[in-house]
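Structure, as structure tokens:
Proteins get letters first, then strands, A, B, ... in listed order; numbering begins at 1 in each.
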Amino acid sequence: MQVPATFQYEKAASVADALALLARYGPEARVVAGGQSLLPMMKLRMAEPTALVDINGLTQLARISVDGDELSIGAIVRHAELLASPVVGEHLPILRDAERLIADPIVRNRGTVGGSLCQADPSEDLSAAFAALRAVLVVESAGGRRNVAIRQFFTGPYETVVEPGELLVEIRVPIRSHASAYQKVERRVGDWPVAAAGAVLELDRDRDRVREVGIGLTSVGAAGFVAAEAEDVLRGRPASEEQFVEAGRIAAQHCNPVSDQRGPEDYKRHLAGVLVTRALRKATARSRGEEA
Amino acid sequence: MQITTTVNGRECTQDVEPRLLLVHFLRDHLGLTGTHWGCDTSNCGACVVWLDAMPVKACTVLAVMADGCDVRTVEGLETESGLDPIQQGFVECHGLQCGFCTPAMLMTGRWLLNHDPDPSEETIREAISGQVCRCTGYENIVRSIRWAAEHGSGAPAAVAEADESAVPGQRSAAEEVRA
């Protein structure tokens, strides 16, 4: 039987209360919402926080809304809620694609969007999807709020810029186009990806040239979950199959997968390239109304 | 710390350690052993119960997180009028072999039918994709859920009321609190 080590448990009544509790318990305290990553780590004693601050009651962090040309996602929105959201399905198909493939439906009922990002697992799907989307993360502390571009959010495996005493409260995503998609290869349902890639494209008016592009990668050691070199190659070029294959080749060249039980390094590198090309192809087809 | 939960329609108050998992709370504190404890890692899904009407894996939820919440286990499916159609479906279609995954499959199946009274086979397979049947009896599990869909399962199961036997040990817990 796996049982976590002992800890103090506190239920936060508001964001201010959560911040006060985090300040009181210090750097060994952890925030818990869905707990779908943290609790297994605690059971395995890979994490032994001295205190858990439960933010499940902070309903103001549980909303999905459109604010101007941005989508606002509260930190404790559940995966299942993001997947079911009509506004997400309409404007940001990359998030719907990714959510369909994250864990399994029961885990998605509990796990939260903010928890996934703060866990900063190097194989996490939403980190790559939001990196492709150039999301902005709103981090609150007793001193106020700060906005962090997602590409500056991750500092290493399981590490983010969120300091002790701070709380991720909101994820803001620009709604610019319908051209996005996410592609993943996993060994079985609910597993981490062998490799996965997300693509977001802004095309010109004729939909045949790439004005701006975001390419996210996960599980293959891409810095900040981004295939930046592939983005640079594609920007300003035709939205053509040839260019998408080239972007995939560049992405595969610049990522750093490791051989493990999910596959050898060269296989993962090959997959990264193929998945980047597929995601770009699907995103473009969607924007041209050729594919759902 | 003291928590108060409503389990299968009955309120109970207990003193628990913060590190106690919901699955052990249900099994060891309330004696509701219908909720099975399987892999301990959130992979097998044998421990699925409803927390505020949403299926969750009870090995990855703390009991203290259920404070003030409504919990429903397989013991709460049967009503005074008999088996829930989802249970009847598993009887009719031989949906259980060893039975280990069955309570969780029933809870997920019932929840699915509450939200989609006529699910396709694909939808059913997606819904139970995070739950492992060690006998590999998925064919009959899917047929059982379809059977329930075809035999008037559209009405959500009523909350089991006033069935003292539904939650063994709960009455004594309530009495302890009063004392």
Heavy-atom pair count under 4.5 Å with chain A, highest-scoring of B/E17, B/Q131, B/M54: B/M54
Counting C-beta onward and ignoring hydrogens, is there a side-chain heavy-atom pair between B/R19 and A/Y9 closer than 4.5 Å? no
Heavy-atom contact with chain B under 4.5 Å, split by part of A/M42: neither
Given B/L62, B/L20, B/L21, B/V48, the one with more heavy-atom pairs under 4.5 angstrom with chain A than any other is B/L62
On a heavy-atom basis, the closest approach of A/P105 and B/G130 is CD-N, 4.4 Å
At a heavy-atom distance under 4.5 Å, which candidate from A/Q2, A/Q36, A/R110 has the highest pair count against chain B? A/Q2
Interatomic spacing from CD1 in B/I3 to NZ in A/K11 - rounded to 0.5 Å: 8.5 Å
Kindly compute the distance separating CG (A/N109) from OG1 (B/T108), expressed to the nearest 0.5 Å. 8.5 Å
List the atom of A/R188, the atom of B/N43, and the distance in Å for their closest heavy-atom pair. NH1-OD1, 4.5 Å
Do the side chains of A/P40 and B/T60 get nearer than 4.5 Å, heavy atoms only? yes
What part of A/A5 gets closer than 4.5 Å to chain B, counting heavy atoms only: side chain, backbone, both or neither? backbone
B/L22 side, atom CG; A/L39 side, atom CG - distance, nearest 0.5 Å: 11.0 Å
Got a sec: does the CD of A/E159 have more than 12 other heavy atoms crowding it under 6.0 Å? yes
Let me know if B/V56 has heavy atoms under 4.5 Å from chain A in its side chain, its backbone, both or neither. both
Answer with side chain, backbone, both or neither: which region of B/L51 has an atom nearer than 4.5 Å to a non-hydrogen atom of chain A? side chain
Please report the interatomic distance CD1(B/I128) to CD1(A/I106), rounded to the nearest 0.5 Å. 10.0 Å
Checking A/A33 against chain B: side chain, backbone, both or neither under 4.5 Å from a heavy atom? backbone
With only heavy atoms counted, which part of A/L52 is less than 4.5 Å from chain B, the side chain, the backbone, both or neither? side chain
